[in-house]
Amino acid sequence: MFATPQPARTEDWAPAFRLIFSHLSPEEREQRCANALHLIQQGELDPQSIFVLRGEMGLCGAIVCLPVPGGSALVWPPAAVGPLRDTIEDALVHHATAWLRQRGVKLAQTLLVSDEVALAASLERNGFTAITRLWYMRHDLNVPVHCLDTPARLDYQPFDDGAVFRHTLTRTYENTHDCPEINDVRTIDEVLEGHRAQGVFDPTRWWLALDAGRPVGVLILTEMPENGDWEVAYMGVTPEARRRGFGREILLKALCEARAADAPAVTLSVDARNQPAWNLYRHVGFEPLDQRTVYLAVWR
């Protein structure tokens with residue numbers, strides 16, 4: 001018989017991470033374990049979000065489920081040992097999702113590289129769905145010559161957290177091809193809280209784009225502290241302003257701002273189903289780096 005999953009004790013941390021990363025080579029497993037312990041020491045990973053399950057022979061299962069600002073959470077699939085592996089994993093996922101929901105989390109996601117998708121079986125048995133692949137892209141800030149003829153029609157108003165910015169941001173989500181499954185799950189306050197928590201929050205890098213005084217889009221940039229790259233945390237255009245080249249103009253604004261600040265590069269991610277966005281990013285010089293499968297659980 002197994003007890004109820006419990007928060008990991010300090011002495012459980014390293015064994016729990018070794019179990020969670022047991023699918024990796026010994027060298028990579030120890031590296032990932034060391035990185036995770038470092039995140040705990042830095043305060044970036046709350047040890048209360050690590051749950052373990054113990055059996056008669058000791059630690060037999062572990063999972064990480066980290067709430068993040070904005071009513072969201074990141075979940076790493078559970079790992080277990082022994083003949084009742086599926087039962088242990090299901091118990092961990094059930095406990096973790098209940099714990100997250102008690103804390104007001106409305107959506108949880110897991111991002112896995114191609115050779116890790118088998119780890120998601122327990123998540124899919126317990127309410128998670130593989131919704132898409134997410135592409136990660138990078139721009140070295142050498143803007144292609146063919147982009148220089150883009151007309152400059154837009155004005156940019158600095159972020160002021162007012163009703164106009166919030167309304168425009170909300171409208172850019174209408175009929176989006178980027179993870180539409182999460183639309184209307186969170187409040188606009190939660191969405192903004194999530195964006196503020198990405199990288200280094202600097203409101204001078206948030207803009208409202210206007211065409212002849214009419215709001216048509218939003219641009220949110222953030223600096224990633226680990227390498228200094230800038231990230232397009234969000235860029236969106238309102239439905240009636242699409243297919244007029246405003247997306248390209250806003251994206252070039254992001255590249256110019258990053259280049260003026262001597263950022264090493266600009267990164268972004270895009271839903272593989274969003275072909276118009278993919279075409280735009282490739283057109284202005286973004287190169288694909290990596291892709292992950294997105295597993296999502298939504299609790300409205």
Side-chain angles (χ1 to χ4, degrees), residues 35 39 42 44 68-70 72 74 109 111 133-148 150 152-161 165-166 168-169 172-173 176-179 182 190-210 215-237 245-272 274 276-292 294:
N35 290 342
L39 290 176
Q42 295 296 110
E44 298 179 40
V68 295
S72 304
L74 302 175
Q109 63 177 340
L111 305 174
R133 289 175 295 109
L134 196 66
W135 277 102
Y136 294 86
M137 309 182 79
R138 184 178 187 274
H139 198 293
D140 62 7
L141 297 178
N142 290 314
V143 179
V145 173
H146 64 254
C147 291
L148 300 180
T150 301
R153 298 163 293 174
L154 299 177
D155 297 311
Y156 296 92
Q157 178 178 306
F159 173 67
D160 64 2
D161 200 15
F165 187 95
R166 288 164 173 260
T168 306
L169 176 60
T172 65
Y173 292 126
T176 180
H177 295 293
D178 265 322
C179 297
I182 67 173
E190 290 170 329
V191 170
L192 289 170
E193 182 185 8
H195 283 309
R196 288 189 184 99
Q198 290 182 264
V200 178
F201 171 58
D202 183 346
T204 67
R205 297 172 186 164
W206 291 35
W207 292 276
L208 181 69
L210 304 104
V216 295
V218 165
L219 174 62
I220 298 176
L221 302 178
T222 188
E223 181 181 345
M224 308 312 293
E226 61 269 19
N227 55 20
D229 286 351
W230 282 26
E231 180 182 30
V232 180
Y234 184 74
M235 186 194 78
V237 177
F246 290 146
R248 182 168 74 161
E249 188 174 344
I250 294 172
L251 191 57
L252 290 173
K253 159 84 170 172
L255 298 177
C256 290
E257 292 287 341
R259 187 165 183 170
D262 292 325
V266 171
T267 62
L268 53 77
S269 57
V270 60
D271 190 324
N274 193 348
W278 168 270
N279 292 341
L280 170 62
Y281 300 150
R282 295 290 285 131
H283 181 76
V284 302
F286 279 87
E287 296 290 340
L289 290 178
D290 193 11
Q291 63 174 306
R292 306 287 176 93
V294 181

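Along the sequence shown, the residues carry numbers beginning at 1.
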Straight-line distance of [X] [atom1] to [Y] [atom2], nearest 0.5 Å:
| X | Y | atom1 | atom2 | result |
| --- | --- | --- | --- | --- |
| Glu257 | Leu221 | CD | CG | 7.5 Å |
| Ile220 | Gln198 | CD1 | CD | 8.0 Å |
| Arg205 | Phe159 | CZ | CZ | 14.5 Å |
| Trp206 | Leu169 | CH2 | CG | 8.0 Å |
| Leu251 | Leu268 | CG | CG | 7.0 Å |
| Phe201 | Glu223 | CZ | CD | 14.0 Å |

_Classify the ring geometry of His283 against His146: parallel below 30°, tilted from 30° to 60°, perpendicular beyond 60°._
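It falls in the tilted class, 30° to 60°.
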*asked:* Parallel, tilted or perpendicular, judged at 30° and 60°: which one describes the rings of His139 and Phe286?
replied: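 Perpendicular, since the angle between the ring planes exceeds 60°.
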Side chains of [X] and [Y]: does their closest heavy-atom pair fall under 4.5 Å?
| X | Y | value |
| --- | --- | --- |
| Leu74 | Val68 | yes |
| Val284 | Val143 | no |
| Trp207 | Lys253 | yes |

*Verify side chain to side chain contact (heavy atoms under 4.5 Å, CB included) between Val270 and Met137, making sure each step is shown before the conclusion.*
CA-CA 8 Å; Val270 60; Met137 309 182 79; 3.9 Å; yes
*asked:* I want to know whether Trp135 and Tyr281 have ring centres closer than 6.0 Å.
replied: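 No: the rings miss the under 6.0 Å criterion.
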_List the residues meeting side-chain hydrogen bond (donor to acceptor under 3.5 Å, both in side chains) with Ser72, not counting sequence neighbours, and say none if there are none._
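If we apply the side-chain hydrogen bond (donor to acceptor under 3.5 Å, both in side chains) test to Ser72, skipping adjacent residues, the hits are Arg186.
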*Pairing residues for Tyr234 by the side-chain hydrogen bond (donor to acceptor under 3.5 Å, both in side chains) criterion, not counting sequence neighbours*: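 Once residues adjacent in sequence are excluded, the partners of Tyr234 under the side-chain hydrogen bond (donor to acceptor under 3.5 Å, both in side chains) criterion are Thr172.
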_Do Asp202 and Thr204 pair up side chain to side chain, a donor and an acceptor below 3.5 Å, judged on atom types alone?_
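On atom types as modelled, these side chains qualify, holding a pair under 3.5 Å.
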*asked:* Whether the Thr150 and Arg248 side chains hold a donor-acceptor pair (N or O, under 3.5 Å, no angle test) is what I'd like checked.
replied: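 A donor-acceptor contact under 3.5 Å links the two side chains.
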Can a salt bridge be assigned to the pair [X] and [Y] using a cut-off of 4.0 Å between side-chain N and carboxylate O?
| X | Y | answer |
| --- | --- | --- |
| Glu249 | Arg153 | yes |
| Asp140 | Arg138 | no |
| Asp271 | Arg133 | no |

Taking every non-hydrogen atom, the tightest pair across [X] and [Y]:
| X | Y | result |
| --- | --- | --- |
| Pro264 | Gly228 | CD-O, 3.2 Å |
| Leu141 | Arg259 | O-NH1, 3.0 Å |
| Gly199 | Pro225 | CA-CD, 4.0 Å |
| Pro215 | Leu208 | CB-CD1, 4.1 Å |
| Val266 | Ala258 | CG2-CB, 3.4 Å |

*asked:* Quick one: does any side-chain atom of Thr222 pair with a main-chain N or O of Val200 as donor and acceptor, under 3.5 Å?
replied: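 The answer is yes, because a donor-acceptor pair under 3.5 Å joins these two groups.
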*Go through the steps to decide whether Trp230 and Thr267 satisfy the test side chain to side chain contact (heavy atoms under 4.5 Å, CB included), and finish with yes or no.*
CA-CA 6 Å; Trp230 282 26; Thr267 62; over 6 Å; no
_With side chain to side chain contact (heavy atoms under 4.5 Å, CB included) as the criterion, how do Leu134 and Tyr136 come out once you've worked through the C-alpha distance, each side chain's angles and the decisive distance to 0.1 Å?_
CA-CA 7 Å; Leu134 196 66; Tyr136 294 86; 3.6 Å; yes
